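Remember, predicted model here, so these are calculated numbers, not experimental data. Within every chain, numbering begins at 1; the chains are lettered A, B, ... in the order of the sequence lines, protein sequences first and strands thereafter. Values reported hereafter were calculated over all heavy atoms of this structure, with side chains retained and with hydrogens, waters and symmetry mates removed.
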Amino acid sequence: MTGRISTLGLIGKFAISLIAVVVVQGILAYRLRVFGYFDLPLILSVYYGFTMGRPIPSVIIGSAVGLMQDSMSGAPMGTNGFSKTLIGYLAAMAGSKFDVDLPLTRAIALFLFTVGDGVLVSILGQMTGVAPNAKLGSTLWTWLVSGAFNALLGMLMFGYHDRINHATSR
Amino acid sequence: MRTIVASKKPAWITLAVALVFHTLLLSVQSSKRADTSFLRGWLIDSIGTLEKVVDAPVEGIENVWKGYVGLVHVNRDNVKLQAENDQLRSELARRDEGALELTRLRQMMGMQAPEMGKTVAARIVGKSPSLTGQALTIDKGIRSGVQRDSTIVTRDGVVGRVISAGDYYSVVQLIIDSQSAVGFIVRSSRRLGILKGTGGNELELEYIDDDNDIKQGDEVITSGQDQIYPKGLTLGVVVFVGPKQGNFKVVRVRPSVNFGRLEEVLCMTEHLPEISTGQAQ
């Protein structure tokens with residue numbers, strides 16, 4: 001019984017963090033223009049993948065957060081869902097096989113995941129007939145800036161997570 | 001390094017199921033075999049409500065700032081606005097005469113005046129949480145008469161169109177979005193064409209060749225030929241006419257709406273009748 005309650009609590013915690021991330025991203029991107037370059041749902045998918053190192057919950061988290069992103073951005077449902085699912089899985093596999101505790105490793109991973117997400121979402125967009133008019137140069141620039149921003153914010157978030165873990169393990 | 005917690009089901013099965021689910025979802029949308037608007041509408045309403053609730057205190061602080069701290073220069077602004085008001089009153093009287101004359105001429109020629117249709121005011125509660133789309137969430141949906149392809153405007157011009165509508169909230173694709181396309185007319189030369197978003201702050205005119213006498217400063221308005229945006233709404237001003245690249249010139253337009261400062265918008269809830277050929281020039 002206690003086990004079931006703790007599982008439900010864990011699912012509730014994940015659900016709240018997923019919804020909160022999409023809501024906060026939407027509001028901040030509207031209030032602060034620069035926040036449009038950040039991708040909090042992607043950072044969250046990588047964060048859970050790295051810290052848990054468990055592929056199944058990471059896939060579910062990535063899938064759910066991607067669908068929420070699709071609904072609020074007007075993209076075909078499944079575009080970000082597909083991409084974030086894959087990112088969640090790859091982050092969890094990387095988290096279980098490699099040492100992702102180093103800040104530099106995390107920053108590089110977040111940068112690469114951001115660019116990979118951009119490429120995959122664009123390819124899926126082309127396949128579903130919603131090809132953007134944007135020039136390749138400006139799109140590439142957006143991915144690179146976003147990758148750098150996500151790496152920076154991700155490093156801060158992971159650092160905060162490490163400090164909390166360190167404090168609670170004492 | 002972490003160790004994978006032992007699981008009875010291999011992780012790749014979950015991954016495969018999730019990827020197949022998303023692929024099927026994309027497939028049914030692109031082939032239009034199934035309607036996913038119920039899922040999208042439900043998510044828009046749920047997340048939109050939360051965005052409005054969370055954004056309310058932020059807006060409250062902003063209003064306090066604007067209402068008290070922002071009143072420092074109000075006397076100076078008042079004098080300036082009074083002078084502007086006097087000037088606008090005399091201009092309005094002159095334009096009234098012109099409008100009456102136009103109505104009389106339209107009646108004589110049996111032409112219908114372009115109408116704006118019914119509108120409903122909406123507040124912006126959030127922006128697209130994705131890097132790729134330039135979209136906004138507004139706090140009006142199907143229950144307020146907003147539907148897919150409803151035109152969204154401000155007094156400055158066209159903002160965009162509704163791409164997904166929930167019962168109480170909708171998602172608006174901005175005209176600067178890289179997937180947006182709007183039929184336009186150049187106000188002075190009456191040239192027609194397609195205006196496309198670039199994903200940045202400017203728009204681009206498509207298929208402009210040497211025969212087009214478009215120049216910097218020309219005003220661009222909607223043509224109504226895309227069957228989405230009604231005719232005559234302001235889109236922006238031509239800011240750059242470049243040399244030919246390939247077969248066409250590069251022509252950039254600065255939108256008349258400042259998308260960084262949008263707070264409230266008007267949703268056109270009534271779809272206008274098709275533009276009559278008599279009106280098109």
Side-chain angles (χ1 to χ4, degrees), chain A residues 19 22-27 29-31 33 36-37 39-41 52-56 59-60 62-63 66-82 85-86 89 92 95-99 118 121-122 124-125 127-135 138-139 142-143 146, chain B residues 1-5 7 9 11-12 14-15 17-19 21-27 29-30 36 39-44 46-48 50-51 54-55 58 124-137 163-164 171-173 177-181 196-200 204 206 260:
Chain A
I19 295 165
V22 177
V23 168
V24 168
Q25 170 84 46
I27 292 171
Y30 166 54
R31 295 275 169 200
R33 216 167 186 184
Y37 284 108
D39 192 343
L40 288 184
M52 289 191 303
R54 292 167 64 185
I56 294 176
V59 162
I60 296 167
S63 196
L67 274 182
M68 282 193 253
Q69 239 183 326
D70 286 331
S71 68
M72 301 309 283
S73 66
M77 295 290 279
T79 315
N80 279 290
F82 191 100
T85 300
L86 215 53
Y89 179 79
S96 63
K97 290 203 166 79
F98 305 106
D99 186 3
V121 166
S122 293
L124 289 170
M127 285 166 72
T128 48
V130 282
N133 314 319
K135 303 267 184 306
S138 68
T139 309
T142 310
W143 291 342
S146 178
Chain B
M1 204 190 306
R2 290 164 192 83
T3 49
I4 294 182
V5 176
S7 171
K9 294 167 200 154
W12 63 266
T14 318
L15 175 71
V17 169
L19 292 182
F21 169 73
H22 291 298
T23 310
L24 284 174
L25 206 56
L26 285 166
S27 169
Q29 286 171 99
S30 56
T36 56
L39 176 64
R40 196 187 281 273
W42 181 79
L43 283 167
I44 289 171
S46 312
I47 298 170
L50 287 168
E51 279 185 342
V54 177
D55 192 44
V58 181
I124 294 157
V125 292
K127 207 181 170 195
S128 163
S130 169
L131 190 67
T132 45
Q134 294 272 19
L136 295 171
T137 312
I163 44 170
S164 319
V171 174
V172 177
Q173 180 191 52
D177 182 82
S178 60
Q179 284 162 21
S180 158
K196 286 196 168 181
T198 58
E204 272 187 15
E206 290 268 294

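Interface summary for chain B: among A:M72, A:R33, A:M68, the most heavy-atom pairs under 4.5 angstrom belong to A:M72. The choice from A:D39, A:L67, A:V24 that makes the most heavy-atom pairs within less than 4.5 Å of chain B is A:L67. Ranked by heavy-atom pairs under 4.5 Å with chain A, the first of B:V171, B:L50, B:I47 is B:I47. Most heavy-atom pairs under 4.5 Å with chain A: of the set B:L136, B:V17, B:I124, this distinction falls to B:I124.
Proximity to chain B is limited to the side chain of A:V59, based on heavy atoms less than 4.5 angstrom apart. Of the two parts of B:E51, the backbone and the side chain both hold a non-hydrogen atom closer than 4.5 Å to a non-hydrogen atom of chain A. Only the backbone of A:A75 comes within contact range of chain B, with heavy atoms under 4.5 Å apart. In this structure, chain B has a heavy atom under 4.5 Å from the side chain of A:Y89, while its backbone stays farther away. With a threshold of 4.5 angstrom between heavy atoms, A:L40 does not approach chain B through any atom at all. Only the side chain of B:E204 has a heavy atom closer than 4.5 Å to any heavy atom of chain A. For chain B, the nearby parts of A:S63 are the backbone and the side chain; heavy atoms of each come within less than 4.5 Å. At a 4.5 Å heavy-atom cutoff, the contact between B:T137 and chain A is made by side-chain atoms alone. Residue contact with chain B, scored on non-hydrogen atoms closer than 4.5 Å, involves the backbone and the side chain of A:V22 alike. Heavy atoms closer than 4.5 Å to chain A are found in both the backbone and the side chain of B:V54. Of the two parts of B:I163, only the side chain, counted from C-beta on, holds a non-hydrogen atom closer than 4.5 Å to a non-hydrogen atom of chain A.
Taking both residues in full, the closest heavy atoms of A:W143 and A:S122 are given as CZ2-OG, 3.2 Å, listed atom of the first, atom of the second, then distance. Between A:I27 and B:V125, the closest heavy-atom pair is CG1-O, 4.0 Å. Pairing each heavy atom of A:M77 with each of B:Q29, the nearest pair is O-NE2, 2.6 Å. Residues B:I44 and A:S71 approach most closely at CG1-O, 3.6 Å, considering heavy atoms. Listed here is the closest heavy atom pair of B:D177 and B:Q179: OD2-N, 2.8 Å. The two residues B:S128 and A:A29 have their closest heavy-atom pair at O-CB, 4.4 Å.
Side-chain atoms of B:S27 do not come within 3.5 Å of backbone N or O of B:T23 as any donor-acceptor pair. A:D70 places a side-chain N or O within 3.5 Å of a backbone atom of A:G81 that can act as its donor or acceptor partner. Using a distance-only test at 3.5 Å, with no hydrogens or angles considered, a donor-acceptor pair links the side chain of A:S146 to the main chain of A:Y37.
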Test log, rule side chain to side chain contact (heavy atoms under 4.5 Å, CB included), inputs A:S138 and B:T198: CA-CA 9 Å; A:S138 68; B:T198 58; over 6 Å; no
